[in-house]
Amino acid sequence: MATTPDKKTPAADGFIYLPLIAGWLVPGAGHFLLRKWGRGALLAVSILAMFFIGIAMQGELYAGAHDILHMLGLAGDLGSGLLYVVSRAAGWGADQVTQTTGDYGTRFIVVAGLLNIIAAVDAHNIRTGRKA
């Protein structure tokens with residue numbers, strides 16, 4: 001039987017959770033670390049655009065969890081990583097939605113966070129070799 005030489009697996013070197021953490025904190029950063037420039041740029045532009053369009057539409061940034069829907073909204077907002085932290089510190093976003101467009105803006109912000117979580121997990125899966 002012929003044996004194949006030992007190939008270095010993608011998960012063998014370095015901290016395998018770095019793309020996951022970097023991708024969560026900064027949209028697209030996990031893919032940039034893996035040298036997936038096109039995918040990282042597309043994700044970064046999409047997530048940043050959705051987040052800032054939501055802010056411009058006077059969307060609400062969830063600060064606390066009063067009921068189950070606010071908990072889910074907060075989880076989605078926290079998915080944006082540093083975008084959420086900087087936005088809360090700067091006082092962006094509405095405290096309470098007073099317009100119909102603000103309700104759509106809130107959904108844009110939450111979906112941007114959820115997309116960022118999916119992108120970070122995708123970067124982790126590429127790093128561990130589960131996905132090409």
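The structure displayed is predicted, hence computed values, not measured ones.
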So do [Y] and [X] actually touch side chain to side chain, heavy atoms under 4.5 Å?
{"X": "F51", "Y": "F108", "result": "no"}
{"X": "M57", "Y": "I109", "result": "no"}
{"X": "L43", "Y": "H31", "result": "yes"}
{"X": "L48", "Y": "L83", "result": "yes"}
{"X": "L61", "Y": "I55", "result": "yes"}

Does one hydrophobic cluster hold both [X] and [Y], with members joined at side-chain heavy-atom distances below 4.5 Å?
{"X": "W24", "Y": "L20", "answer": "yes"}
{"X": "V121", "Y": "L18", "answer": "yes"}
{"X": "Y17", "Y": "V26", "answer": "yes"}
{"X": "I118", "Y": "I21", "answer": "no"}
{"X": "L42", "Y": "L115", "answer": "no"}

Which atom pair, heavy atoms only, marks the closest approach of [X] to [Y]?
{"X": "A44", "Y": "P27", "value": "CB-O, 3.5 Å"}
{"X": "S80", "Y": "A112", "value": "OG-C, 4.2 Å"}
{"X": "A65", "Y": "H70", "value": "CA-CB, 4.2 Å"}
{"X": "M50", "Y": "V111", "value": "CE-CG1, 3.2 Å"}
{"X": "A22", "Y": "L33", "value": "CB-CD1, 3.7 Å"}

For the atom pair [atom1] ([X]) and [atom2] ([Y]), what is the distance rounded to the nearest 0.5 Å?
{"X": "I126", "Y": "L34", "atom1": "CD1", "atom2": "CG", "answer": "6.0 Å"}
{"X": "Q58", "Y": "T100", "atom1": "CD", "atom2": "OG1", "answer": "13.5 Å"}
{"X": "D77", "Y": "L114", "atom1": "CG", "atom2": "CG", "answer": "9.0 Å"}

*Under 3.5 Å, is there a donor-acceptor pair between the side chain of N125 and the main chain of R130?*
no
*Donor-acceptor pair, S87 side chain versus W92 backbone, under 3.5 Å?*
no
*Please indicate whether Y104 has more than 12 foreign heavy atoms, meaning atoms of other residues, nucleotides or ligands, lying under 6.0 Å from its OH.*
no
*May I ask you to check whether over 12 heavy atoms, not counting those of D67, lie within 6.0 Å of atom CG?*
yes
*asked:* Out of the candidates R127, R39, K36, only one should pair with D122 under the salt bridge (Lys or Arg N to Asp or Glu O under 4.0 Å) rule; please name it.
replied: R39
*Excluding sequence neighbours, so at least two apart, what forms side-chain contact (heavy atoms from CB on, under 4.5 Å) with L74?*
Y62, L78, Y84
